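The block underneath contains the structure these notes are about, expressed in structure tokens.
The basis for the numbers below is simple: all heavy atoms, side chains too, and nothing from hydrogens, waters or symmetry mates. These numbers come from a predicted model, not from an experiment. Below, read A as the first sequence line, B as the second, and so on, with proteins coming before strands; counting in each chain starts at 1.
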Amino acid sequence: MAPVLSVENVSVRFPGARGDITVVDDVSFTLEAGQSLVIAGESGSGKSMICQTLLGIAPGAASVTGTRIDWKGRDLLRLRDHEWQAIRGAEIAMIFQDPTAALNPLITVENQIVDAIRAHRNVSRAEARARAIEVLGLAGFPEPEHRMRSYPSELSGGLRQRVAIALALSCSPSLIIADEATTNLDVSIQAQIVKLLRELKDRLGLALIFVTHDLGLASDIGGDLLVMYAGCAVERGPVNDVLTDPTHPYTRGLLRSAPTLKSSRANPLRPIPGQMPKPGSVGAGSPFGSRCPVVVDGVCEVQRAGWTSAGPRHDVACHRFALEGREGVR
Amino acid sequence: MSSYVLRRLLQSVIIVVLIAIAVFIVLRLSAGDPARIRAPVFARPDVIEQYRRDFGIDRPLLEQLGSFLWGAIRGDFGQSFRFQAPVMQLILDALPRTLLLAAVSLVLSLVVAVGLGSLAAMKPRSIWAWLSSALAALGQSAPVFWSGAILVLVFAVGLRWLPSGGFNGPSSLILPAIAVTLSILPTQLRVLRASMEASLKEEYIRTARAFGLRQSRITFVYALKNASLPLLTVIGVDIGYLLGGVIVAEVVFAYPGIGELALVALNARDYPLIQGITIVTASTFVVVNLLIDLVYGRIDPRIRLERS
């Protein structure tokens with residue numbers, strides 16, 4: 001099946017005092033209709049910037065370059081404003097990290113959804129309202145007929161995120177991007193929202209990009225996983241393959257530093273030493289080189305690793321792995 | 001009506017009563033005797049005394065205060081010393097013209113502030129931003145008596161397009177309205193531009209953009225609604241200024257409104273008229289600000305929540 005979205009060699013740079021600062025560095029991935037992709041990485045890894053690029057809402061100072069972002073045969077890198085407008089919300093919709101900040105505090109839930117619908121569909125208010133009730137219902141928002149007249153400030157955080165999901169569903173897009181959509185929620189609500197997103201994806205045949213810093217959530221979403229570090233993609237493959245057989249030293253470090261039920265004194269958390277390099281300070285070498293336990297001296301400092309296959313559809317960008325295979329990164 | 005509104009109404013009444021008492025006392029303390037001003041220059045003492053009796057200012061102060069307050073409650077501010085007519089009648093004649101000038105100026109100023117301020121906030125390096133700063137600086141630095149005189153000089157005396165003063169139909173409204181607008185515009189423009197800039201940076205604006213809303217709707221509904229709250233406060237202050245303080249503009253343009261009436265009343269030490277004007281403008285100011293507080297609650301549900 002042909003991918004619905006194909007991102008080819010996309011970079012995002014910001015002008016800095018001493019030259020451009022690269023926050024997304026030559027990232028590529030593809031996504032098929034109805035499939036899901038988890039983009040995982042720490043804050044500053046460039047994962048949110050990638051998402052904003054897919055909607056053309058990166059900050060004005062950002063310069064986005066690349067070979068092509070193919071969306072259903074169109075190139076998103078070369079769209080005019082009015083063409084973007086027709087895609088935003090209608091074909092690709094986004095759920096933002098913080099529903100409190102992302103929803104307008106002075107406009108009712110109903111009107112925000114109705115506005116989003118009427119930005120794309122030539123329907124009456126009543127029809128848009130009926131659709132708003134429908135999508136709020138899909139998003140698990142209780143008693144939508146009455147409660148959609150509320151303002152966001154009158155709702156709990158979990159309900160606000162359900163409103164944001166309903167907003168994303170309102171024009172039946174074929175791709176939903178959830179940018180850290182569960183990060184600001186309580187753990188129990190987080191699980192509900194992840195489950196809801198997975199169900200909606202299956203039921204409505206949506207493609208889903210789920211951005212998170214929590215690899216634990218990746219397996220709940222399923223599909224493919226793209227691990228990002230300092231603006232670069234370092235490992236990609238089916239979620240379960242990557243999580244059970246992490247190959248890049250960064251992915252391995254990230255998994256070891258996350259608490260699990262098996263964590264114990266005998267099996268302690270091992271944080272990755274050092275810090276992520278500041279944006280713009282990664283040179284031509286491997287972005288993880290400065291912290292890597294298995295760095296290849298004389299190679300990783302000067303040259304970025306290309307993709308090496310680590311299994312079916314599972315690739316890793318690591319010199320050590322390319323040289324010595326699995327044994328080398330253990 | 002909520003208990004909040006009742007509480008605020010009660011507060012307003014107390015404020016107006018205090019203002020009434022204050023203006024009564026201050027007038028009696030200030031120099032100048034209305035009877036002497038009213039009487040011919042070399043009038044005999046008994047003539048002046050007669051005026052005092054006519055005006056009722058020979059009575060004990062407390063008695064005067066009592067009858068003034070009692071009258072005011074019934075909407076009767078007494079007879080004007082200067083015009084020998086009921087104060088209420090004089091105010092009702094002049095007030096509509098001032099309200100008209102105030103309303104036209106306020107609307108004009110709001111349209112420019114919102115339009116130009118929003119454009120300037122959206123495009124900080126455009127000609128609009130420059131124009132907005134220039135207009136704000138001009139309005140702020142040019143006092144009404146100066147800008148009014150310049151307007152008269154150019155458009156009435158020089159070009160002869162518009163009347164220089166008086167009140168004969170809509171054309172006599174144009175110059176005073178521009179002068180008054182120029183004086184209230186700077187604050188509105190600055191406040192709106194700043195709050196609009198802040199509002200446009202909010203995440204909900206990015207959301208609106210991410211859902212394909214038109215830029216006009218984003219700016220003038222999604223951002224403006226949030227940016228309008230500080231502007232509303234400024235409008236409240238402006239309305240007070242417009243009702244009492246357009247004196248200068250009314251004098252420059254010989255515009256027969258409350259301001260001009262107030263000036264005449266002050267010069268004549270016309271106690272009842274000054275008291276009447278003060279109470280009417282003060283009440284209007286208090287009521288308008290109460291209304292603005294209520295509008296706040298209508299626009300921002302979070303304020304409503306705090307009050308209940």
So with a 6.0 Å cut-off around CZ of A:R203, is the heavy-atom count from everything else above 12? no
Heavy-atom count around A:R74 CZ within 6.0 Å, excluding the residue itself: above 12? yes
Between A:L103 and chain B, which part of the residue has a heavy atom less than 4.5 Å away: side chain, backbone, both or neither? backbone
Whether the side chain of A:Q85 engages the backbone of B:L213 through a donor-acceptor N/O pair (distance < 3.5 Å, no angle test) should be reported. yes
Please check if atom CH2 in A:W71 has more than 12 non-hydrogen atoms from other residues, nucleotides or ligands closer than 6.0 Å. yes
Under the salt bridge (Lys or Arg N to Asp or Glu O under 4.0 Å) test, which residues partner A:D98, sequence neighbours left out? none
If you compare all heavy atoms of A:S153 against all heavy atoms of B:P301, which two are closest, and at what distance to 0.1 Å? OG-CG, 4.3 Å
Any residue of residues 175-190 of chain B which, by heavy atoms, sits under 4.5 Å from chain A: none
Donor-acceptor list for residues 164-178 of chain A side chains, cut-off 3.5 Å, not counting sequence neighbours:
| residue | atom | partner | partner atom | Å |
| --- | --- | --- | --- | --- |
| A:S170 | OG | A:L167 | O | 2.7 |
| A:S172 | OG | A:R131 | NH2 | 3.1 |
| A:S174 | OG | A:K72 | NZ | 2.7 |

With chain B, which of A:A101, A:P152, A:A116 has the greatest number of heavy-atom pairs at distances under 4.5 Å? A:A101
On a heavy-atom basis, which atom in A:H120 and which in B:F211 lie closest, and how many Å separate them? NE2-O, 3.0 Å
Could you walk me through whether A:M94 and B:T207 satisfy the side chain to side chain contact (heavy atoms under 4.5 Å, CB included) test, starting with their C-alpha distance in whole Å, then the side-chain angles of each, then the deciding distance to 0.1 Å, before giving a yes or no? CA-CA 8 Å; A:M94 187 130 156; B:T207 309; over 6 Å; no
Neighbours of chain A found in residues 218-227 of chain B - heavy atoms under 4.5 Å: B:V221, B:Y222, B:K225, B:N226
Check whether A:Q52 gets within reach of chain B through its side chain, its backbone, both or neither, counting any heavy atom under 4.5 Å. side chain
Nearest heavy-atom pair of A:I57 and B:R206: which atoms, and what distance? CD1-CG, 3.9 Å
